[in-house]
Amino acid sequence: MTVAPAAPPAAIRVHPSDDVAVAVRALAAGETIVVDQVEVRVATDIPAGHKVALRAIGAGEAVTKYGVPIGVATAPIA
């Protein structure tokens, strides 16, 4: 029996407490991806290597990547 290889993930969460994941490939607006059982509908085109939010983040709220705050959202992120 031949088993097809699993497709690579669209994005990877670096640390379990991260609010964002890193796009492994370019993501198109309207595309739905799943990262660690979190389903996300991509709102805008996201180039490979850039971040995609895994939850709504309010303006002024810290953004966590690598398990630590890396900055503050300057505008709401859906």
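Worth saying up front: this structure is predicted, and the values here are computed from it rather than measured. Atom set for the values below is all heavy atoms of this structure, side chains included, hydrogens, waters and symmetry mates excluded.
The two residues Pro47 and Ala23 make their nearest non-hydrogen contact at O-CB, 3.8 Å. Residue Ser17 comes nearest to Gly67 through the heavy atom pair OG-CA, 3.6 Å, listed as atom of the first residue, atom of the second, then distance. Listed here is the closest heavy atom pair of Ile57 and Ala73: CG2-CB, 3.9 Å. Contact detail for Ala53 and Ile77: the closest heavy-atom pair is CB-CG2, 3.6 Å.
Looking at Glu39 and Thr32, their side chains come closer than 4.5 Å, going by heavy atoms from C-beta outward.
Of the possible donor and acceptor atoms, none in the side chain of Asp18 sits under 3.5 Å from a partner among the backbone N and O of Arg13.
Applying the 4.5 Å side-chain rule to ILVMFWY residues, one finds Ile33, Val35, Val38, Val40, Val42, Ile46, Val52, Leu54 in the same cluster as Leu27. Hydrophobic side-chain contacts under 4.5 Å tie Val34 to no other Ile, Leu, Val, Met, Phe, Trp or Tyr residue.
Between Arg55 and Asp19 a salt bridge is recorded (basic side-chain N to carboxylate O distance below 4.0 Å).
Residues satisfying the side-chain contact (heavy atoms from CB on, under 4.5 Å) criterion with Ile70, sequence neighbours excluded, are Lys51, Val63, Lys65, Tyr66.
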